[in-house]
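Take a look at the structure set out below.
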2 protein chains.
Amino acid sequence: MAVKRSGPDAGLGEFIRRQRELGHLSVRQLADACGISNAYLSQIERGFRNPSSFVLKALADGLELSAETLYAQAGILDPAQGEANDVVEAVRRDPYLSARQREMLVEMYESFRKVNDAD
Amino acid sequence: MAVKRSGPDAGLGEFIRRQRELGHLSVRQLADACGISNAYLSQIERGFRNPSSFVLKALADGLELSAETLYAQAGILDPAQGEANDVVEAVRRDPYLSARQREMLVEMYESFRKVNDAD
DNA sequence: AAAGAGTGCTTACTTTTGCAAGCACCCGCG
DNA sequence: CGCGGGTGCTTGCAAAAGTAAGCACTCTTT
């Protein structure tokens, strides 16, 4: 078959689960938000199924993180990417933060910028 | 199924075909280079099949273009090219923040990371 | 303590992916 | 001509994706 196929070894599932738990979402909640079945999400998280591009995209949306991040985790996008500059982008890409935490950091950053513009 | 499914309407296939022709490759050549069957590639190009993440990645490699580009064409990646990787680094480099502000953002970020490790 | 809802997981099933094999066609060449 | 090799396309079929329904368990609530 020549094209990579991941089995129950894939770290992608674990990553998704971790993100879901950081956001305090149940399997069903995230599955609904993504338009996929909870059964399927459960299998993805445990590495038994290999989500298609569209499901991956939907998961990225549901988890409120950039599709790039998820695809990088899936080993599809080269994670290297760009030369580090934009704080907001860096926050959005960070795989260890919850959606809420990312939101807070971005807000804080932007309020700083705003204040600075004033003086 | 709620998740996007493309039929023979998809512009992705046409894009792939155009790229293939620009490279003066036959269907079989590109298919071989990608490790997929020529039958399947033919169907993808005409929009009858919906390549998985892995096939898409293989196609990007075979066409020698970045996976980002192809995924953007597939309508999966927002063409917004992000840079920046590391949050702390990005914050430290940001020229619009004060030292104090940088310190606060970094502290906030690190406390989030710490909290996440706990649960 | 039984009902009710929430959690994740399993099973049986349908639909889609992706391939091996083969079709029809167009060339260049002996 | 007639044959070998190029082109893209079609057609079954095996294997994987994805779902609906339901299981086992834990909490609340009554």
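Every chain is numbered from 1, with letters handed out A, B, ... down the list of sequences. What you see is a predicted model; the values in this text were computed from it and never measured.
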Closest of dG8(D), dT10(C), dC19(C) to the S42(A) side chain is dT10(C)

Whole-Å distance, D32(B) CG to dA20(C) P, equals 10 Å

Residue pair L25(A)/S53(B) against DNA chain C: nearer the 5' end by closest nucleotide is L25(A)

Sorted by chain and residue number, the side-chain contact (heavy atoms from CB on, under 4.5 Å) partners of M108(B) (sequence neighbours excluded) come out as M104(A), L105(A), M108(A), F112(B)

Minimal heavy-atom distance between I76(B) and K57(A), with the atoms involved, is O-CD, 3.2 Å

S37(B) meets the side-chain contact (heavy atoms from CB on, under 4.5 Å) criterion, sequence neighbours left out, with A39(B), Y40(B)

Hits for side chain to side chain donor-acceptor pair (under 3.5 Å) against R102(A), two or more places apart or cross-chain, chain-then-number order -> none

Whole-Å distance, H24(B) NE2 to dG6(D) C1', equals 17 Å

Taken to the nearest 0.5 Å, the spacing of L65(B) CG from L59(B) CG works out to 9.0 Å

I'd like a table of donor-acceptor pairs (distance under 3.5 Å, sequence neighbours excluded) in which one partner is a side-chain atom from residues 21-29 of chain B, with atom names and distances.
residue: S26(B); atom: OG; partner: R28(B); partner atom: N; Å: 3.4
residue: S26(B); atom: OG; partner: Q29(B); partner atom: N; Å: 3.1
residue: Q29(B); atom: OE1; partner: S26(B); partner atom: N; Å: 2.8

The side chain to side chain donor-acceptor pair (under 3.5 Å) partners of Q73(B) (sequence neighbours excluded) come to none

Ranking dT7(D), dA17(D), dG8(C) by distance to the side chain of S52(A), first place goes to dA17(D)

side-chain contact (heavy atoms from CB on, under 4.5 Å) filter on A33(A), not counting sequence neighbours, yields none

Polar atom pairs (N or O), protein with nucleotides 21-25 of chain D, under 3.5 Å:
none

Writing each nucleotide of DNA chain C 5' to 3' as (, ), [, ], | or . by Watson-Crick or G-U pairing under 3.5 Å yields ||||||||||||||||.||||||.||||||

Separation of dT16(C) atom P from N50(A) atom CG, nearest Å, is 18 Å

Closest to the side chain of S37(A), out of dT7(D), dG8(C), dT19(D), is dT19(D)

Rounded to whole Å, the CD-C1' distance (E45(A) to dG18(D)) equals 15 Å

By nearest-nucleotide position on DNA chain D, the 5'-leaning member of S26(B) and Q43(B) is S26(B)

Atom CG of L56(A) and atom P of dA17(D) are separated, to the nearest Å, by 12 Å

In whole angstroms, the gap separating P of dA17(D) from CD1 of I36(A) amounts to 13 Å

Residues at least two apart in sequence or cross-chain that pass ring-ring contact (aromatic ring centres under 6.0 Å, His included) with Y71(B), listed by chain then number, are Y71(A)

Y40(A) OH to dT11(C) P, in whole Å, measures 18 Å

Next on the checklist: Measuring to OP1 and OP2 of dT16(C), would you say a side-chain N or O of R49(A) lies under 4.0 angstrom away?
Outcome noted: no

side-chain N/O R46(B) vs dT10(D) OP1/OP2, d < 4.0 Å
yes

Tightest non-hydrogen contact, residues S53(B) and P51(A), listed as OG-O, 3.3 Å

Between CD of Q29(A) and P of dG8(C) the distance, given in whole Å, is 8 Å

